[in-house]
A.B. asks: 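Just passing along the structure, written as structure tokens.
Treat the numbers as computed from the prediction; the structure is a model and nothing was measured. Letters go in sequence order (proteins before strands), and every chain restarts at 1.
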Amino acid sequence: MASASPAHAAVPWVLHVDMDQFIAAVEILRHPELAGVPLVVGGRGDPTERAVVSTASYEAREFGVRSGMPLKVAVRRCPEAVFLPVDAPAYEAASARVMETLRGMPGAVVEVLGWDEAFVGVTTSDPVAYAQSIRAAVLEATDLHCSVGVGDTKVRAKIATDFGKPRGVYVLTRDNWFEVMGDRPTIALWGVGSKISQRLASHGYQTVRDLASADEATLVAEFGPSMGPHYGRLGRGVSSATVDDTPWIARAHGRETTYQTNLVEPDEVAEAIRSLAGQVVEDLRREGRACQRVFLKVRFAPFFTTNRVRKLGEPTFDPQVIATTALDLLTGLADDRPIRLLGVRAEMVPPEGGYVDPRTSGRGGPSARSAGTGGGTEDVTP
DNA sequence: TCTGGGGTCCTAGGACCC
DNA sequence: TCTGGGGTCCTAGGACCC
């Protein structure tokens, strides 16, 4: 088995395909005059409103504009930028063409992660050439550019893509993991955000290398028996390597709105919740699955967010029941505090036979471990 | 500087039953 | 009177990703 492993052996690889400035690129396709100018897509396209940047073109990024940044900040950093509203149906159509192209690649198993990215599993002796053929095929079919990360696990492939951008390919495996990632902060890992990175730092684990050799008992004490070891594995780049094309089945649908002016009157709060509940029910009816649990999300001004949940006695499609439940969850929380945002989410009754997808969304936690062997048992030392 | 809207998953702890 | 251990269901709350 461990004999001469020739460079040309066909073995399984994980590729991560990520479109370059996807939303901006789609807009430039239908507005060619915007090519080369700073472009910001977000909200309703009005930078005086409460909304954030969905995507900034590379030209806008040179001014420091980033995804997730408030439009008000973006316009201050780049006053000459063109601002466009989000047009979800247009991006969904472009996304569908991209994913169909990926599914047409020989031997490819495609696991969609979002509008503009997917894992591609393939067994090949030359993953870089395969990645370049993906880039060419996507460009041919859609006029859109992408970058491809090549890895021996999902985490490595996902992170590799960033090093390939734009319009490139990058390989990240156990062989160069510590060379490339070892000195970077833990927040550079997929699945480690600001809170977890701070908690890791409080134990002296600042870098990916620190985390990779972290004391297991310390991680378990801090994060629990499941998440603790999971973070240790992330530090080593170890994760599932199984790409799964089972279609995703949604667990829940929700609607939330940030109000341009804070809500203060009980009447307007009740009306807002009724409106959100009505929109959620449209999604439920389209799906044909009733609501069994109601989630209420509230963001009070200036910026405190909280959630409440209640299971219903009987599953329902009735917007009145959902709205009444959501309002009930709000009582005792509000205390006359001004409300910036309200969200109503409905967890749906599982489909016939339950949820079958063996993978998880992949980012949240270690639950892919229950998918069994997918290469997640591999280990390396820093 | 001012922070969207769509999601998923994990942990802790209380209530309840056997 | 003082009191087990295990299991399941539920809610609260936190964290992350695109």
A.B. asks: Have a look at Lys158(A) and say if it touches a base, only the backbone sugar-phosphate, or nothing, with a 4.0 Å heavy-atom cut-off.
C.D. replies: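 Sugar-phosphate contact only - Lys158(A) comes under 4.0 Å of backbone atoms but never of a base.
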
A.B. asks: Pull out every protein N or O sitting under 3.5 Å from an N or O of nucleotides 10-14 of chain C, one pair per line with the distance.
C.D. replies:
unit_1: dT11(C); atom_1: OP1; unit_2: Lys311(A); atom_2: N; d: 3.0
unit_1: dT11(C); atom_1: OP2; unit_2: Lys311(A); atom_2: N; d: 3.3
unit_1: dA12(C); atom_1: OP2; unit_2: Val309(A); atom_2: N; d: 3.2
unit_1: dA12(C); atom_1: OP2; unit_2: Val309(A); atom_2: O; d: 2.9
unit_1: dG13(C); atom_1: OP2; unit_2: Arg308(A); atom_2: NH1; d: 2.1
unit_1: dG13(C); atom_1: OP2; unit_2: Arg308(A); atom_2: NH2; d: 2.7

A.B. asks: So what does the secondary structure string of DNA chain C come out as, 5' to 3', with Watson-Crick or wobble pairs under 3.5 angstrom, [ ] for crossing and | for pairs with another strand?
C.D. replies: ....||||||||||||||

A.B. asks: Output side-chain donor-acceptor pairs under 3.5 Å for residues 69-83 of chain A, partner residues at least two apart or in another chain, one line each.
C.D. replies:
unit_1: Arg77(A); atom_1: NH1; unit_2: Gly64(A); atom_2: O; d: 2.9

A.B. asks: Check every atom of dC18(C), dG5(B), dG6(B) against the side chain of Glu117(A) and return the nucleotide holding the closest atom.
C.D. replies: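 Selected nucleotide: dC18(C).
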
A.B. asks: Take the protein atom CG of Asp283(A) and the nucleotide atom P of dG6(B), then report the distance between them rounded to whole Å.
C.D. replies: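 The answer, rounded to whole Å, is 9 Å.
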
A.B. asks: Nearest whole Å is fine: how far is dG5(B) C1' from Glu92(A) CD?
C.D. replies: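 Rounded to the whole Å, the gap is 13 Å.
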
A.B. asks: Distance from Asp183(A) atom CG to Thr207(A) atom OG1, nearest 0.5 Å?
C.D. replies: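 Going from CG on Asp183(A) over to OG1 on Thr207(A), the span is 6.5 Å.
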
A.B. asks: Rounding to a whole Å, what distance do you find between Lys154(A):NZ and dC18(C):C1'?
C.D. replies: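 One finds 16 Å between C1' of dC18(C) and NZ of Lys154(A), rounded.
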
A.B. asks: If you look at every strand shown and take non-hydrogen atoms under 4.0 Å, does Thr257(A) touch a base, only sugar-phosphate, or nothing?
C.D. replies: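 Answer is sugar-phosphate: Thr257(A) comes under 4.0 Å of backbone atoms only.
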
A.B. asks: Are Arg209(A) and Phe178(A) in a cation-pi contact, defined as NZ or CZ under 6.0 Å from the six-membered ring centre and within 45° of the axis?
C.D. replies: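 Ring-cation test returns no.
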
A.B. asks: Quick one: is dG4(B) close enough that its OP1 or OP2 comes under 4.0 Å of any side-chain N or O from Arg299(A)?
C.D. replies: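 Arg299(A) to dG4(B) OP1/OP2: side-chain N or O found under 4.0 Å.
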
A.B. asks: Rounding to a whole Å, what distance do you find between Met348(A):CE and dT8(B):C1'?
C.D. replies: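 It works out to 12 Å between those atoms.
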
A.B. asks: Could Arg236(A) and Trp177(A) be counted as a cation-pi pair, given that NZ or CZ must be under 6.0 Å from the ring centre and within 45° of the axis?
C.D. replies: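 Here Arg236(A) fails the 6.0 Å and 45° test against Trp177(A).
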
A.B. asks: With sugar-phosphate meaning primed atoms plus P, OP1 and OP2, does Gly42(A) contact a base, only sugar-phosphate, or nothing at under 4.0 Å between heavy atoms?
C.D. replies: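 Since no nucleic acid heavy atom lies under 4.0 Å of Gly42(A), the category is nothing.
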
A.B. asks: Nearest to the His253(A) side chain among dG5(B), dC2(B), dG7(B), which nucleotide is it?
C.D. replies: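 Of the candidates, dG7(B) comes closest.
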
A.B. asks: Would you mind reading off the distance between Asp87(A) atom CG and dG5(B) atom C1', rounded to a whole angstrom?
C.D. replies: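 It works out to 16 Å between those atoms.
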
A.B. asks: Check every strand shown and say whether Gly43(A) touches a base, only sugar-phosphate, or nothing at a heavy-atom separation below 4.0 Å.
C.D. replies: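 Nothing: the residue Gly43(A), judged by heavy atoms under 4.0 Å, touches no strand.
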
A.B. asks: Give one of base, sugar-phosphate or nothing for Arg340(A), where a contact means two heavy atoms less than 4.0 Å apart.
C.D. replies: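 Sugar-phosphate: the residue Arg340(A), judged by heavy atoms under 4.0 Å, touches backbone atoms but no base.
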
A.B. asks: Verify the contact: side-chain N or O of Arg76(A) to OP1 or OP2 of dC2(B), cut-off strictly under 4.0 Å; return yes or no.
C.D. replies: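 Affirmative; the distance criterion is met.
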
A.B. asks: Send over the distance from Arg77(A) CZ to dT1(B) C1', rounded to a whole Å.
C.D. replies: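 In whole Å, dT1(B) C1' lies 8 Å from Arg77(A) CZ.
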
A.B. asks: Describe the nucleic acid contact of Ile187(A) in one word from base, sugar-phosphate, nothing, applying a heavy-atom distance below 4.0 Å.
C.D. replies: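 Touches nothing.
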
A.B. asks: Using 4.0 Å as the upper bound for N to carboxylate O, is an ion pair formed by Asp328(A) and Arg310(A)?
C.D. replies: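 Result for this pair is yes, salt bridge flagged.
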
A.B. asks: I need the CE-P distance between Met99(A) and dC18(C), as an integer number of Å.
C.D. replies: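 Atom CE in Met99(A) sits about 13 Å away from atom P in dC18(C).
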
A.B. asks: Classify the nucleic acid contact of Val192(A) as base, sugar-phosphate or nothing, counting any heavy atom under 4.0 Å across all strands shown.
C.D. replies: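 Sugar-phosphate contact only - Val192(A) comes under 4.0 Å of backbone atoms but never of a base.
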
A.B. asks: Would you say the base of dC17(C) stacks on Trp190(A) (centre-to-centre below 5.5 Å, plane angle below 30°)?
C.D. replies: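 It does not: the two rings, one from Trp190(A) and one from dC17(C), miss the stacking criterion.
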
A.B. asks: More 5' along DNA chain B: Tyr259(A) or Phe223(A), using each one's nearest nucleotide?
C.D. replies: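 The 5'-side residue here is Tyr259(A).
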
A.B. asks: Could you tell me how far apart Lys72(A) (NZ) and dT1(B) (C1') are, to the nearest whole angstrom?
C.D. replies: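 In whole Å, dT1(B) C1' and Lys72(A) NZ are 10 Å from each other.
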
